[in-house]
Amino acid sequence: MPTDIHWWQRGAIYQIYPRSFADSNGDGIGDLPGITAHLDHIRSLGVEALWLSPFYPSPMADFGYDVADYTDVDPIFGTLADFDRLLEEAHSRDVRVVVDWVPNHSSDQHPWFIESRSSRDNPKRDWYVWRDAARSGGPPNRWQSAFQAVGPAWTFDETTRQYYLNSFTPQQPDLNWDNPEVEAAMHDVLRFWLDRGVDGFRMDVTQKIAKDPELRDNEPGLRHDEDWQPTIHHRIRRIRAVIDEYDDRMVVGEVYLRDLRRVVAYLNTGDELNLAHNFVFVHLPWHAGEMRASVDEFERLAEGAAWPAWFLANHDHPRVASRFEDEPGTGARRARVAAMLTVAMRGTPFVYQGEELGLPDAEIPPSRVVDVDGRDPERAPIPWRRPSEAGPGAGFTSGEPWLPLVAEAERLCVESQEEDPDSTLNFVRRLLRLRAERATLQGGSQRSLDAGPRLFCFMREGDERLLVALNFTSREAPLDLREEQGGRAAVELSTHPGRALSVVDLRDLVLEADEGMILRLS
Ligand code: GLC
Ligand code: CA
């Protein structure tokens, strides 16, 4: 068993969406001082690091993923001094800090783009992707924006009468990574934050920074607008080389591809990404067999080299407690099983803010919708305190929150859950503490076991043997193991508060509806 694992392999990374975490000045929008004020909450979870979604100056067309200056802080979030203080306070609590890096596109308000669009012979013209209309008129090709509501990935610009490429909103023009000056400038952005002391980066839409330079239309089975081979891998290697100029840093890529072979290709060589978010996994249904098959496929493709990253929620996907709820109550229980799954597997678990509370999606009335792509419900602010005492902002803000909070803030807020030993918050703390204490959970091997159709079961083996058994159904399920028959095991943790932590005979073990357990084999 490897004993020399890195910090980014050891424990969980906690994602903060700054607009929705904590507001320090009553304007209804979360900010950096708000995060600093709540670092003890993050520390109490026992995570290794936090990842901050963008806090850079931005017109907020995509709520910060449209960056107008890569090396500063938007006044709505604070100042660079606030960032330095957050970094220092996090480090003093042994929590590392990962920042979002958005290399594929800038804001249309970035000075680079303002210059680029000003004339066809501007020195920055080629920093973005400009093309004439198609011969028949209209956009240069059929590439589409990732946002359905946007449609074609091209916007016509009157000033110079050409189209520019935008893989997301028209306010997010794609940078031209075929231009070495762009690549060098974006490397300098990395160095700016590395010099300030950040521990790593989450790289936004990694797969998009190399496209077919001939801009050919996509074909069945071959996309020309992303993941362009082999260029993309050369570019990632050069990014990794910049990060490796510094000690002990890491880069996790958002590799939004639905083919695991292509995802693992960013990891197996050892000199590209340290971690890649797995979007095949995030789109699976709540089904033991499908989860197992996907995990096994990753392990097979990883060939012992690639280190997995597991997540089931972020700021772009409906929350687990809502997505997997099929009858009232199942979502809240499944949120705990999901946490146990991601934390107990070999790999790095990512926890999205609010998952430790088992938050569901918020209901957003049509008049409050602000996102182009339907992602407001999972971005609702964190309820810190009981609205009955702290007012309708639930301790998130003393003002008007930018998005409505979840309906059940009174019961689900941090304050209420702190006081209840059986709460999801206290369960997640126990779960992460177990991961922090057990080398086998961090670096041990993993192998799936046959345990009947309702359960996903796997063994973690290192200096001890830990059995993880997860019931993916809302019915009781006997542990139907082909091996380990008759063995005895100690229950280390269950998602169900009523389960006694005692020694059991595996032959007699029946999991309750929506229950997950970690057992130590004797
Ligand atoms: C990533 C982000 C998402 C954003 C998009 C464009 O997918 O997670 O929030 O809209 O990139 O930057
Ligand atoms: Ca604020």
Side-chain angles (χ1 to χ4, degrees), residues 15-38 51-56 58-68 70 73-79 82 86 98-108 110 144-150 153 165-175 186 201-209 225-226 252-258 276-279 282-283 311 313-318 350 352-353 370-379 381-382 384 393 395-403:
Q15 182 192 354
I16 293 185
Y17 191 71
R19 291 183 73 86
S20 299
F21 193 66
D23 171 24
S24 71
N25 61 353
D27 65 358
I29 299 177
D31 44 54
L32 299 185
I35 298 169
T36 306
H38 287 83
W51 144 33
L52 298 168
S53 277
F55 49 79
Y56 314 110
S58 166
M60 304 289 167
D62 192 17
F63 296 105
Y65 283 95
D66 48 325
V67 179
Y70 286 103
V73 174
D74 194 287
I76 207 117
F77 295 125
T79 62
D82 291 327
L86 164 53
V98 172
V99 299
D100 225 299
W101 178 55
V102 189
N104 176 69
H105 45 268
S106 72
S107 160
D108 64 346
H110 195 294
Q144 295 292 304
S145 157
F147 299 140
Q148 233 168 30
V150 171
L165 180 66
N166 56 269
S167 296
F168 294 88
T169 69
Q171 294 81 25
Q172 294 163 292
D174 282 38
L175 283 154
M186 291 310 293
F201 298 94
R202 177 269 190 181
M203 179 174 172
D204 192 62
V205 290
T206 303
Q207 77 281 0
K208 287 272 182 203
I209 66 157
D225 60 349
E226 62 184 29
V252 51
E254 179 198 30
V255 184
Y256 212 127
L257 298 170
R258 303 289 283 270
H277 282 139
N278 175 343
F279 287 88
V282 94
H283 285 281
F311 77 106
N314 68 13
H315 63 296
D316 296 328
H317 296 89
F350 282 74
Y352 174 48
Q353 67 179 40
V370 289
D371 179 50
V372 286
D373 202 34
R375 298 168 296 182
D376 298 323
E378 60 264 27
R379 296 175 177 181
I382 296 296
W384 292 97
F396 163 73
T397 181
S398 56
E400 266 295 311
W402 74 287
L403 278 177

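Computed over heavy atoms, backbone and side chain alike; hydrogens, waters and symmetry mates excluded. Order of listing sets the numbers, starting from 1, for every ligand and every atom in it. FYI, the numbering just counts along the sequence from 1.
Heavy-atom contacts of H105 reach the following atoms of ligand 1: 6 (C), 12 (O) (cutoff under 4.0 Å). Short contacts between ligand 1 and R379, defined as distances under 4.0 Å to a heavy atom of the residue, involve ligand atoms 9 (O). Proximity to H315 (heavy-atom distance under 4.0 Å) selects the following atoms of ligand 1: 2 (C), 3 (C), 8 (O), 9 (O). Of all atoms in ligand 1, numbered sequentially from 1 with element shown, those under 4.0 Å from a heavy atom of R375 are 3 (C), 4 (C), 9 (O), 10 (O). Using a 4.0 Å cut-off to heavy atoms of F147, the atoms of ligand 1 that qualify are 10 (O). Near D62, meaning under 4.0 Å from any of its heavy atoms, are these atoms of ligand 1: 4 (C), 5 (C), 6 (C), 10 (O), 12 (O).
A donor-acceptor contact closer than 3.5 angstrom links the side chains of Y65 and D100. A donor atom on one side chain and an acceptor atom on the other are not found under 3.5 Å apart for T169 and D62. There is no side-chain donor-acceptor pair under 3.5 Å between S107 and D66.
To the nearest 0.5 angstrom, W384 atom CH2 is 10.5 Å from F396 atom CZ.
The Ca ion (ligand 2) forms the vertex of an angle spanning OD1 of D27 and OD1 of D23; to the nearest 10 degrees it equals 80°.
Scanning the protein for heavy atoms near atom 11 (O) of ligand 1, the closest one is D204 OD1, 2.8 Å. When only non-hydrogen protein atoms are considered, atom 8 (O) of ligand 1 lies nearest to D316 OD2, 2.5 Å. Among protein heavy atoms, the minimum distance from atom 7 (O) of ligand 1 is reached at E254 OE2, 2.8 Å.
When distances to the Ca ion (ligand 2) are checked against a cut-off of 3.0 Å, I29 contributes an N, O or S atom below that limit. Here N25 meets the criterion, with an N, O or S atom under 3.0 Å of the Ca ion (ligand 2).
A salt bridge links D371 with R379: the closest approach of a Lys/Arg side-chain nitrogen to an acidic carboxylate oxygen falls below 4.0 angstrom.
Under the 6.0 Å distance and 45° angle rule, R19 counts as a cation-pi partner of W402.
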Step by step, would you call I382 with Q353 a side-chain contact (heavy atoms from CB on, under 4.5 Å)?
-> CA-CA 8 Å; I382 296 296; Q353 67 179 40; 3.9 Å; yes

Go through the steps to decide whether H110 and Y56 satisfy the test ring pair (Phe, Tyr, Trp, His ring centres under 6.0 Å), and finish with yes or no.
-> CA-CA 11 Å; H110 195 294; Y56 314 110; over 10 Å; no

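Its N, O or S atom nearest to the Ca ion (ligand 2) is what matters here, and for D31 that atom is OD2.
Contact annotation: for R202 versus ligand 1, heavy atoms closer than 4.0 Å belong to the side chain alone.
No side-chain heavy atom of P173 sits under 4.5 Å from any side-chain heavy atom of H105.
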